[in-house]
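Please read the structure below before turning to the comments.
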Amino acid sequence: MIPMTLAIVDDDDDVRRALSRLLRSMGHEVRVFASAEAFHADTVVADCVIVDVRLPGQNGLELREHLLSRIVPTPVVLITGDGDRLAVDTPRAVDTPLVTKPFDDAVLAAAIASAISLARPRGELHEP
Amino acid sequence: MNPDDRYRRAAAAGGVGVWDWNLATGEIYVDPILKELLGYQDHEIRNHLDDWGRLVHPDDAAAVFEQAQAHIRGEAPSYEIEHRMLHRDGSVRWFLARGSVSRDEQGAAVSMAGTDTDITGRKRSDAALRQAEELNRSIVDSTGDCMKILDLEGRLLYMNAVGLRMLELADFSGLLNRSMAEFFDGEARRAAEDALAVARRGGSGRFQYLMRTMSGVAKWWDAVVTPITDASGTVVQLLVISRDITERRRDEAFRAGQHQVLEMIAAGRSLLDVLDSLVHLVENQADGMLCTVLLLDEDGVSVRHGAAPSLPDYVKGISGLSIGPRAGSCGTAMYRGTRVIVADILTDPLWEDYREAALRFGLRACWSTPIFSPKRKVLGSLAMYYRQPREPRDEELRLIETAADIARIAIEQQRAYLELDAHRRELAHLSRVAMLGELSGALAHELSQPLTAVLSNAQAARHMLDRQPLDVELLRDTLDDIIRNDKRAGAVIDRLRALLRKDDIALQPVDLNDVAREVVDLAYGELASRRVTVKSTLPSAMPPVLGDRVQLQQVVLNLVLNACDAMNGNHATDRHLALSTMASEGFVELVVADRGPGIPDGQLERVFEPFVTFREEGLGLGLAISRSIVTAHGGSIRAENNADGGATFRCLLPVAQVEQALPSRVNA
């Protein structure tokens, strides 16, 4: 798999640590953020952002909206602790991969690949 | 006036007349005054002993003659005798005759002369006095009250027969001249001395006292002390009339005791405490009487200890035994469902199998009555024992029935309480389960975090093991994280278990701020998904309340979730929940305010009723249960509408007192 720069936005400390450790062990570079605001304050561009739906302040759905409406859309994978229905209030909601915690690393990898191909249909990157 | 006239007038006034008796001839000069006193004129009675002597009352004649002869013979120094004379109209007059004899040179009696004085008046008043005394005595002896006569110092001079009988004395000689106050001490002595003092001053004093009879039986008396005056009005002696009020006192004590036992029942005191007090109440009604209460087990056959403070070992010995047709007085009474009177345990066939046990404790008589529930189910029995064989009197039977009635009330009350208790706990459990449903999403979310950490860490470690060289440090860190998160998951499950637990948790001091924070934590998921922002105002140093942490969490959670529900229809930016606590005069107030539509007019109280809901979902039990919990904690909860929209729920809970007597649990 091609090493990528991934961003994790989740307010739970343990989840951030574990997830970043996992993705690093898979060869990726990982940046972690405890909130959407912290993410915005950072300048590094990620190849894919893994966002928890529930965040303090701006929530995951809003962050996704923001990321996907950039001129160069950033791929987003949504992760969530509850299996609840997401407010289907925006276009593209159907397309965003949603992974339920706890998840297998293969499932996460597939979701990342799917998100990238969705966001960049011209397929600039190889499949991971 | 000549001396004769003077004498005559004086003599007439004094009712005195002279006489002079010639012993030889029998002639006797009798003063006309004396004849007048007997209603005769001077000439109507010849001055001879034959005539005058006939006027002496026949019953006294012999004595008069004898007295005169004695003096004449020289045996008596003078002649003096009170005797009756017959008046002309047949009535009797009393004369005091006095005289002395004259002798010649040889010493022979020649004549006797002297006076007669009319003492009829005095004799009459003497007689009247004796009659009055007789009358008094018969009154004093026939009255039902004890009468005593004391001297001014309070020493006993006389006690009537009734008094002697009541105190079981043969006579009062042993008490004679002993000061009455001597028999009392303390309060009673003061009261007695005060009463005597009042009577000495001419008034009427009163006091009550306890005095035991010779055989030691305690009796209560009500005494009234009045002065006895002489003709001039001076107080010379004191009269004490004492009435036996033992019966009355007993009745009063019984009524008061009965009232107390009923209050204990109403206050929810334990059944065994209540039955104990009841038994003491009954035993106080008679000397030497022992009382027990037995309870019949749910199986309808075995007997259990109810109350037997005077016969603990005896009752311990019969606990567990079965009722039956010949099972002593109590066992038989419970079996038959009727009162069983055994006058002598020694001979009664009902006691054949239980005789030995009873005799070992010296019990001879046993009267037992069954205690029934309102539906005529036998709950137990109440029995009276005596150490001598005897039949019960009517009032004793009445006492047994009254006491059995009170026992019935106590037992039924406990049953109702236990049932209510069981229902409440069931309801509390159900509410927890219901709330659990509401929380399941939040709990699932809570669990998913540490589980994610565990799985991701573990999979990371797998990847790390494929690398060369092995980063042992990193691996160790990874394992540490797995362990920590596993424990984190365990803690969430513990909270889940706590919510599911059915039995009651012990009371402890609880900080409502902590509870508020925990609830916000617990409901975070709900709050976040519904975009409700919580503004918490939880001042530090909040005094603790005494309560069940989990139940209090339930209440706060209910209020918070209700507030969320209320704001479902609000714009996402207008979903503000204010949660605050405040301490005020012995209470802690917890307030939850929302910005929803508020509560419809006039429903501010109704909202706490079960099954009342203004939402589409939910049973409408949450507030009813919350109020039940809060009330059981000694607090209150109420709702009000905010001036700027939305509703506010205020919950008041009493601050825990250090010396508070703890009930074993809070049942809501």
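Letters A, B, ... mirror the listed sequences (proteins, then strands); counts begin at 1. The structure displayed is predicted, hence computed values, not measured ones.
Heavy atoms of B:Asn457 lying under 4.5 Å from chain A belong to its backbone as well as its side chain. For B:Leu455, the part lying near chain A is the side chain, with the backbone staying farther off; criterion is any non-hydrogen pair under 4.5 Å. Proximity to chain A (any heavy atom under 4.5 Å) is shown, for B:Thr478, by both the backbone and the side chain. Contacts of B:Asp477 with chain A are made by both backbone and side-chain atoms, with heavy-atom separations under 4.5 Å.
A salt bridge between B:Arg484 and B:Asp481 is present, with a side-chain N of the basic residue lying under 4.0 Å from a carboxylate O of the acidic one. Taking 4.0 Å as the cut-off between side-chain N and carboxylate O, B:Arg488 and A:Asp13 do not count as a salt-bridged pair.
Neither side chain, A:His66 nor A:Gln58, offers a donor N or O lying under 3.5 Å from an acceptor on the other. Between the side chains of A:His28 and A:Asp47, not a single donor N or O lies within less than 3.5 Å of an accepting N or O.
The candidate from A:Asp104, A:Asp10, A:Leu55, A:Leu108 with the greatest count of non-hydrogen atom pairs under 4.5 Å with chain B is A:Asp104.
Side-chain contact between B:Lys535 and B:His576 is absent, with no heavy atoms from C-beta onward closer than 4.5 Å.
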